[in-house]
There are 2 protein chains.
Amino acid sequence: MITIGQLARYIGVSTKTIRVYHDKGLFSEPDRDASGYRRYGAKDAIDLVKIRTLAEAGVPLSRIKDLRSATDQEFQQALHEIDNNLTTRIRDLRATQGRLRELAAGHLAPLPTEVAAHLQHLARWGFTPRWVDLQRDLWILVFATHPDRAINLFHDQAETLADLALRQLFLDYDRAHDLNADDPRIDNLARRIAKAIQDRYGPDEPPELDAASAIPALIQDTVNASSPAWQRVDTLIRAHLGA
Amino acid sequence: MITIGQLARYIGVSTKTIRVYHDKGLFSEPDRDASGYRRYGAKDAIDLVKIRTLAEAGVPLSRIKDLRSATDQEFQQALHEIDNNLTTRIRDLRATQGRLRELAAGHLAPLPTEVAAHLQHLARWGFTPRWVDLQRDLWILVFATHPDRAINLFHDQAETLADLALRQLFLDYDRAHDLNADDPRIDNLARRIAKAIQDRYGPDEPPELDAASAIPALIQDTVNASSPAWQRVDTLIRAHLGA
DNA sequence: ACTTGACCTTTCCCTAGGGGCAAGGTTGCA
DNA sequence: TGCAACCTTGCCCCTAGGGAAAGGTCAAGT
């Protein structure tokens, strides 16, 4: 009959672990020898291997305890469930590993992949990093606040930018960032943008989030804050549309 | 700027989790609005996605905190290490899944596979389940107490049983279990076994564990306890060998 | 016979990563 | 104006053990 330390080394756990299993009642206490030491037999070793197998599979100790007194039927069904559980855990870990590698490559984004791809298109089309960053922030906030409608809104925007002429308009908007606020090209730009909006959406409102939502305004404020020229463009567009 | 609840839903964590990350200093507190609510921006969402990716990979929160102030060099190396870690975790989980399935099939044993195979041979050779169970217990104890020498001892035993005549001797031992202790066949059996032992190992000691180890005696005691006939066989063998 | 080191015993506190509740303040919508 | 759904901090609870304290025991060497 072996001691707790021998059993622990043999099975590959700590003595502490074995004592915890005794305390929690999922591994029955063996008889003690004359000096009060626990003495284990072969049956205990077999039991412990089973318990460890379940514990390593992530089964809570309390559940392992319950399983000890389950019928064979229940036990088999539980094993099946645990097996499935393990399969999804492995799949999740692999997904995490994939994301970890994206993080290593610097590509990790909290956005749907199609949005991330779109942002890369922007860079290739000649938009400045400043613009691309602004767009990323915008979409993150929109997806966070309106998960249901964000994707439609995004598709509309992506469609707009697929059109060469309209894209040029946005490129001009991007480049206007560093103009003086009183540059005559700004009024010209605002006029062209207002016309394009009306051509696309008619006299109705352009698609928006809630009328109540403060997000679009907030985004626009953030945008405007970074350049007097952009602020001027915004003001002029509203004037053209509102009139 | 979004609230903690919106950020939590968007990233897929609980608000509690976010607060814990703030408390542990791995996710910096954002500014508060007029009523004291935390208000998050797009950069925070990006940060949180990174933190979650690492946390889901099993990186301790304290390490994630340290990584925030690491150089790019260190960061990349850490990611590599975490990636390897994840790979072994996935491999371990698959091994656990394998053992789980053996458990489901009832084949789980805390013994090397060759020993498990040997035990199955025993059953096919006509040994009773009682004998096979006893052998399993014996080997479990031997492997637990003497991991280094057990395998040699086992090979010696397996070799012995591969010999048809010797195997028959053990089969007779097995069947003697239910004889009366004074059955004349018992002395005959003991004499034949003693002779076989001397033929195999000469006048020297048969291979054993430590002279100090109580295991062989303990096993033998357990064996003897289950049948007066077996106890008699043991006594007679000792007499024949000791003389 | 004595010491030494490696065991064993129990009890207690500590950890990570949150969950859940309480008691209170805020916001949005009808 | 009221109600539901937020938010705030603070507190205790959980799992699966780790580690240390304080003491008893065993085997080996001297």
Side-chain angles (χ1 to χ4, degrees), chain A residues 1-27 29-40 44 48 51-66 96 144-146 209-215 218, chain B residues 1-27 29-40 44 48 51-67 85 89 96 144-146 209-215:
Chain A
M1 305 291 269
I2 61 180
T3 66
I4 195 171
Q6 289 176 307
L7 178 63
R9 273 190 298 280
Y10 180 46
I11 304 296
V13 299
S14 69
T15 59
K16 175 70 175 222
T17 297
I18 294 178
R19 292 202 188 96
V20 167
Y21 291 174
H22 287 318
D23 288 351
K24 308 237 160 158
L26 62 161
F27 185 31
E29 287 268 5
D31 293 339
R32 308 295 181 109
D33 66 14
S35 60
Y37 289 11
R38 294 177 179 83
R39 290 294 178 165
Y40 298 90
D44 298 313
L48 185 52
I51 290 170
R52 269 316 276 179
T53 301
L54 292 170
E56 278 164 16
V59 182
L61 302 193
S62 58
R63 178 108 193 274
I64 297 179
K65 179 183 176 185
D66 296 345
T96 296
T145 50
H146 301 83
L209 301 167
D210 287 323
S213 170
I215 295 295
L218 212 130
Chain B
M1 305 290 272
I2 60 179
T3 67
I4 195 171
Q6 289 176 308
L7 179 64
R9 273 190 299 279
Y10 180 45
I11 305 297
V13 299
S14 68
T15 60
K16 176 68 174 218
T17 298
I18 294 177
R19 291 200 189 99
V20 168
Y21 291 175
H22 286 319
D23 288 352
K24 309 236 163 163
L26 62 162
F27 186 32
E29 288 268 5
D31 295 338
R32 309 294 183 107
D33 65 15
S35 59
Y37 289 13
R38 295 177 179 85
R39 289 295 178 164
Y40 298 89
D44 298 313
L48 185 52
I51 291 171
R52 269 316 276 181
T53 301
L54 292 169
E56 278 164 17
V59 181
L61 302 193
S62 59
R63 179 109 193 276
I64 297 178
K65 179 184 175 184
D66 295 346
L67 246 40
N85 208 301
R89 287 238 319 267
T96 296
T145 52
H146 301 82
L209 299 168
D210 287 323
S213 170
I215 295 297

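So you know, we letter chains A, B, ... as the sequences are listed, proteins then strands, and number each from 1.
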Q.
Let's test your reading of the pairing rules: Watson-Crick or G-U wobble, both distances under 3.5 Å, then write DNA chain C as a dot-bracket string with ( ), [ ], | and dots.
A. ||||||||||||||||||||||||||||||
Rounded interatomic separation in angstrom, taking [atom1] from [X] and [atom2] from [N]:
{"X": "B:Ile2", "N": "C:dG28", "atom1": "CD1", "atom2": "P", "result": "16 Å"}
{"X": "B:Asp23", "N": "C:dG18", "atom1": "CG", "atom2": "P", "result": "13 Å"}
{"X": "B:Ile64", "N": "C:dG17", "atom1": "CD1", "atom2": "C1'", "result": "11 Å"}
{"X": "A:Tyr40", "N": "C:dT9", "atom1": "OH", "atom2": "P", "result": "7 Å"}
{"X": "B:Arg38", "N": "C:dT27", "atom1": "CZ", "atom2": "P", "result": "16 Å"}
{"X": "A:Ile4", "N": "C:dT10", "atom1": "CD1", "atom2": "P", "result": "8 Å"}
{"X": "A:Asp33", "N": "C:dT9", "atom1": "CG", "atom2": "C1'", "result": "11 Å"}
{"X": "B:Ile18", "N": "D:dT9", "atom1": "CD1", "atom2": "C1'", "result": "16 Å"}

Q: Taking salt bridge (charged side-chain N to carboxylate O under 4.0 Å, His left out) as the test, write out the residues that go with A:Asp33, two or more places apart.
A: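 A:Asp33 satisfies salt bridge (charged side-chain N to carboxylate O under 4.0 Å, His left out) with A:Arg39 once adjacent residues are dropped.
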Q) Got a sec, which residues hit salt bridge (charged side-chain N to carboxylate O under 4.0 Å, His left out) with B:Arg89, two or more places apart in sequence or on another chain? A)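 Residues passing salt bridge (charged side-chain N to carboxylate O under 4.0 Å, His left out) with B:Arg89: none at all.
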Interatomic spacing from [atom1] in [X] to [atom2] in [Y] - rounded to 0.5 Å:
{"X": "A:Thr3", "Y": "A:Tyr40", "atom1": "OG1", "atom2": "OH", "result": "9.0 Å"}
{"X": "A:Met1", "Y": "A:Asp31", "atom1": "CE", "atom2": "CG", "result": "7.0 Å"}
{"X": "A:Thr17", "Y": "A:His22", "atom1": "OG1", "atom2": "NE2", "result": "11.0 Å"}

Do you know the tightest heavy-atom contact between [X] and [Y]?
{"X": "B:Leu26", "Y": "B:Ile51", "result": "O-CD1, 3.1 Å"}
{"X": "B:Ala55", "Y": "B:Leu61", "result": "CB-CD2, 4.3 Å"}
{"X": "B:Pro30", "Y": "B:Asp44", "result": "CB-OD2, 4.2 Å"}
{"X": "A:Ala8", "Y": "A:Ser14", "result": "CB-C, 3.9 Å"}

Can you name the atoms? Protein N/O to nucleotides 21-24 of chain D N/O, anything below 3.5 Å, with the distance.
{"from": "D:dG24", "atom 1": "N2", "to": "A:Tyr37", "atom 2": "OH", "distance (Å)": "2.7"}

Counting C-beta onward and ignoring hydrogens, is there a side-chain heavy-atom pair between [X] and [Y] closer than 4.5 Å?
{"X": "B:Arg52", "Y": "B:Ile11", "result": "yes"}
{"X": "A:Tyr10", "Y": "A:Ile2", "result": "no"}
{"X": "A:Tyr21", "Y": "A:Arg19", "result": "no"}
{"X": "A:Pro60", "Y": "A:Arg63", "result": "yes"}

Check: protein-nucleotides 19-21 of chain C nitrogen or oxygen pairs below 3.5 Å:
{"from": "C:dG19", "atom 1": "OP2", "to": "B:Ser14", "atom 2": "OG", "distance (Å)": "2.8"}
{"from": "C:dG19", "atom 1": "N7", "to": "B:Lys16", "atom 2": "NZ", "distance (Å)": "3.4"}
{"from": "C:dG19", "atom 1": "O6", "to": "B:Lys16", "atom 2": "NZ", "distance (Å)": "3.1"}
{"from": "C:dG20", "atom 1": "O6", "to": "B:Lys16", "atom 2": "NZ", "distance (Å)": "2.5"}

Q: For the pair B:Glu56 (side chain) and B:Thr53 (backbone), establish whether a donor and an acceptor sit closer than 3.5 Å, ignoring hydrogens and angles.
A: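 Not confirmed, B:Glu56 side chain does not pair with B:Thr53 backbone.
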Q: Compare side-chain N and O positions of B:Arg19 against OP1 and OP2 of D:dC11 and report whether any pair is under 4.0 Å apart.
A: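 Result: no.
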Please list, for nucleotides 14-16 of chain D, all pairs of protein and nucleotide N/O atoms separated by less than 3.5 Å.
{"from": "D:dA16", "atom 1": "OP2", "to": "A:Leu61", "atom 2": "N", "distance (Å)": "3.0"}

Q. Nearest nucleotide by nearest heavy atom, which residue falls closer to the 5' end of DNA chain C, B:Arg39 or B:Ala55?
A.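 Taking each residue's closest nucleotide, the earlier one in sequence belongs to B:Ala55.
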Q. What nucleic acid atoms does B:Arg63 come within less than 4.0 Å of, heavy atoms only: base, sugar-phosphate, or nothing?
A.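 Nothing: the residue B:Arg63, judged by heavy atoms under 4.0 Å, touches no strand.
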